[in-house]
Structure formats: C-alpha cells, structure tokens
Number of protein chains: 2
Amino acid sequence: MAGNDRRTRVLQAAVDLIAENGVRGLRLEDVADRADVALSLIYYHFGNRIDLLRAVFRYANEVTTVPLMNATPGATARQLLERSLVREVRGKSARANAIVWNELNATAVFIPELQDEVRQTTRTWVEGLEELIRQGQVDGSVRLDVDPTDEAQILAHLLDGLLTQWLVGSLTAPRAQTLIRQAIRSGLSPD
Amino acid sequence: MAGNDRRTRVLQAAVDLIAENGVRGLRLEDVADRADVALSLIYYHFGNRIDLLRAVFRYANEVTTVPLMNATPGATARQLLERSLVREVRGKSARANAIVWNELNATAVFIPELQDEVRQTTRTWVEGLEELIRQGQVDGSVRLDVDPTDEAQILAHLLDGLLTQWLVGSLTAPRAQTLIRQAIRSGLSPD
C-alpha cells in the first residue's frame, strides 16, 4: 500500500471515530487500529495529536467545497449557493462531516493551537459563498444592495448553528433545509 | 450556609470550570473544590455527573431570558429582540454563558441523555423570540409577511453560529453584533 493511501486511511479512520465519539474521546491507538496501521506510522506521518487533528479537519473540509459556476451550466449563482448550503444537511456523510466541523469548533475554544485552522477553514468557506453572491449580483439572482461579505458570513454561521441543532435532534434535516432556503430568500432575493 | 446558597455556589463553580476547560474536562472533585463544599454534597444535591450537567445548563440559561415587552416601555418589539440577541455577544459573563451553551450542544451530540435538555432550552429561547416577533407585527416594527417561527429559529441559530465563531476568535464581538443586526433588518424590517 502506497504512503498516500495509508495517509488517507488514517484520516478517514479519524473522521469516522470523531463522528462516533467526538474529538475528546479520540485516542491515536484507536485510529491506528481502525486504519489497520502501526501507531508509529501515525506519529511518522502526522507528528503529535494536535497535528493529526489539524490534518483531519483539513481533510474533512476538502469535501465541503463551494461549486464553481462554470461547472454547472444553466444554474444561477443563487441556486448554486442554495445547493452548497442545503447539501451540508443531508445524508450520512454530511452528518459525519458536520460532527467533525462541530467538534473542531468546540474543541478549538480550549486549544489555541487549533484556532488558526478553524479561522482559515472558515475564511475559505465564507469566501467561496461570497464569490457566489457577487456572481449572483451579476447574473441578476441576488439583490444589488446587499453586502456580499455580510451575507456570506450570516449564511455560513446560520448553517453552523442549524447543523448543531440537527446533530442534537432539535431540528430535522428537512426543517434545517427549509430555514436555510428561507434565509437565502429574505437575505438575497431580488423580488 | 443554607442549602440553596450551597446549591447555587456549586452551579456557579461548575459554570466557571466549564468556561475554563469545557465539559469534558469537568471533574466533580474540582467542582467541589472550587465551590468549597464536600464532594458528597454534590452527589446528594445533584445525583450523578449527567444530572449535574443538566442542572448547570438550566442554571446558565436562566440568565438568558428574553425581556418582556411591558418591562421596557417605549421600545418596539423589534428593538427588544435586537437587544436580547446582541447582549449575548457582549462582555465576560456572556462569554462564559456562550461557552457553556456551546459545550452543552457539542456534548449532547454524544450523550443522548442530555439531548432533551438541549431541545427544551432551545425551544423556550426560540418561543421567547417568536413572541417578540409576533408583538412586532402588532406594533408595526416587523413585516407582516414573515413567519414568526421561521424567523425566530433562523435568528436563534444564527446567534449560535456567531457565538461559536466569537469564541474561537474568527469574529470579534462587534462584528458578530453587526451581523445579527443585519440579519434582523433583512429578515424582519418592514421598510
């Protein structure tokens, strides 16, 4: 098995374990067991526990990318924005990612070494949404009088809050999706 | 010292310790030390660790109440709504409460016995906001075509997301306040 495959297996094993038990229950021994690799390999590839957590969060967030306009012909930018937010509250792998994201945020409050990672990941995600809002102002699907940065941050952090309530069972996935759609409509719709 | 005073001291000690180290670092021995009571007293008053956590979250959320219309003459319902949301992102005690709330939510994902408490607390908070939105539709400060339940949930969970970003240093408190005000304006304003 090539080094890259093993690296990915370790990261995926860590994602799965965090989704099951949270960050604070995560032991490197269990990650090694789940990925079926030697513990020494984890230290070799990732350094310490904090470094592994950083790599896990980066890995989990690679899936959460904002779609590119030119990859989806015929859709307005606002439709793409809606799709990228709504799909975060749908299905089992979205749930695992939501837990990892929720755990990263909650853990980083007490581990300053993780805060840069949270800030960077948040910034990248918000900038992607912001770009779609700007494109929507060009294609006519978004009101011209909204501030793209404000609205991107509002929608991104509304989604964070809704994801948490979905995870604890306060909101169903369809209800969370309805609320996201509603917020997009009242915040961005030109009508 | 009366039983009630000791109970409050235990709860406040637990809030302070959670604000410093999180729920998962919370040991009952440390709570007893901080509150300067016997460990046996904690077991006597609160039962087990989960029961203590439930009581702590209820205690911390008593401070987070939505203001009553008749207690603030001259203000519109929308102004009261804005104040109750904005003051959650302001000052040191708000920060401690935000951490406790954030921790409750994050922990409850993995401890089903806590989920009822989260749901109940969330419901009470959202209903208070919803009531203010309805009153705003009467006093003319809120648009008539919005659904009070939808908007109350959107604003409550936007606040959750903003609080988390404030706690990890992604957003300053004034920036989080600006975004809340902006969301209230675009979601509720009659103009």
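Sequence lines set the chain letters: A, B, ... in the order given, protein chains first and strands last, and positions in each chain run from 1.
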Peer 1: What part of A:N21 gets within 4.5 angstrom of chain B, counting heavy atoms only: side chain, backbone, both, or neither?
Peer 2: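 Backbone of A:N21 only, per the 4.5 Å heavy-atom cut-off to chain B.
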Peer 1: Could you tell me the separation between the CD1 atom of B:I133 and the CG atom of B:D147, rounded to the nearest 0.5 Å?
Peer 2: 9.0 Å
Peer 1: Output the option from A:R175, A:Q120, A:Q182 having the highest count of non-hydrogen pairs under 4.5 Å with chain B.
Peer 2: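 Highest number of pairs under 4.5 Å: A:R175.
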Peer 1: Considering only NZ, NE, NH1 and NH2 on the basic side and carboxylate oxygens on the acidic side, decide whether B:E130 and B:R134 come within less than 4.0 Å.
Peer 2: yes
Peer 1: With clusters defined by side-chain heavy atoms of hydrophobic residues (ILVMFWY) lying less than 4.5 Å apart, directly or transitively, does A:W101 cluster with A:I50?
Peer 2: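 Yes, because A:I50 and A:W101 connect within a single hydrophobic cluster, where side-chain heavy atoms sit under 4.5 Å apart.
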Peer 1: Go through the steps for A:S141 and A:Q135 under the test side chain to side chain contact (heavy atoms under 4.5 Å, CB included), then give the verdict.
Peer 2: CA-CA 9 Å; A:S141 59; A:Q135 289 174 352; over 6 Å; no
Peer 1: Report whether B:L53 and B:F46 are members of the same hydrophobic cluster (ILVMFWY, side-chain heavy atoms less than 4.5 Å apart, transitive linking).
Peer 2: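 Shared cluster, yes.
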Peer 1: Are A:V126 and A:V142 joined in one hydrophobic group, where the rule is that I, L, V, M, F, W and Y side chains link up if heavy atoms are under 4.5 Å apart?
Peer 2: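 A:V126 does not cluster with A:V142.
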Peer 1: Could you tell me which residues in residues 24-34 of chain B have at least one non-hydrogen atom under 4.5 Å from a non-hydrogen atom of chain A, sorted by residue number?
Peer 2: B:R24
Peer 1: Could you walk me through whether A:V37 and A:V10 pass the side chain to side chain contact (heavy atoms under 4.5 Å, CB included) check?
Peer 2: CA-CA 8 Å; A:V37 302; A:V10 169; 3.9 Å; yes
Peer 1: Under a 4.5 Å heavy-atom cut-off, does chain B meet the side chain of A:A98, its backbone, both or neither?
Peer 2: neither
Peer 1: Would A:W166 and A:L162 count as a side chain to side chain contact (heavy atoms under 4.5 Å, CB included) if you check the C-alpha gap in whole Å, the side-chain angles of each, and the deciding distance to 0.1 Å?
Peer 2: CA-CA 6 Å; A:W166 174 44; A:L162 293 175; over 6 Å; no
Peer 1: Is it the side chain or the backbone of B:T149 that comes within 4.5 Å of chain A heavy atoms, both, or neither?
Peer 2: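 For B:T149, heavy atoms of backbone and side chain both lie under 4.5 Å from chain A.
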Peer 1: Give me the atom names and distance for the closest heavy-atom approach of A:G22 to A:E103.
Peer 2: CA-OE1, 3.2 Å
Peer 1: Evaluate B:D16 against B:Q12 for side-chain hydrogen bond (donor to acceptor under 3.5 Å, both in side chains), listing each step before the verdict.
Peer 2: CA-CA 6 Å; B:D16 294 344; B:Q12 189 56 50; 3.0 Å; yes
Peer 1: Please determine, among A:I180, A:D160, A:V168, the option with the most heavy-atom pairs under 4.5 Å with chain B.
Peer 2: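 Ranked by contacts with chain B, first place is A:V168.
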Peer 1: Need one label for B:I111: side chain, backbone, both or neither, based on atoms under 4.5 Å from any heavy atom in chain A.
Peer 2: neither
Peer 1: Pick from A:R123, A:Q153, A:R185: which one has the most heavy-atom pairs with chain B under 4.5 Å?
Peer 2: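 The residue among A:R123, A:Q153, A:R185 with the greatest pair count is A:Q153.
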Peer 1: Please state whether the side chain, the backbone, both or neither of B:L171 comes within less than 4.5 Å of a heavy atom of chain A.
Peer 2: side chain
Peer 1: Mind ranking A:A108, A:G161, A:A106 by heavy-atom pairs under 4.5 Å with chain B and telling me who comes out on top?
Peer 2: A:G161
Peer 1: Let's go through A:V23 and A:F57 carefully: what are the C-alpha distance in whole Å and the side-chain angles of both, what is the deciding distance for side chain to side chain contact (heavy atoms under 4.5 Å, CB included) to 0.1 Å, and is it a yes or a no?
Peer 2: CA-CA 11 Å; A:V23 161; A:F57 295 127; 3.9 Å; yes
Peer 1: Under 4.5 Å, counting heavy-atom pairs only, tell me which of A:E20, A:H157, A:E151 racks up the most with chain B.
Peer 2: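 Option with the top pair count is A:H157.
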Peer 1: Taking every heavy-atom pair that is under 4.5 Å apart, which of B:V109, B:D150, B:T164, B:L167 has the most such pairs with chain A?
Peer 2: B:D150
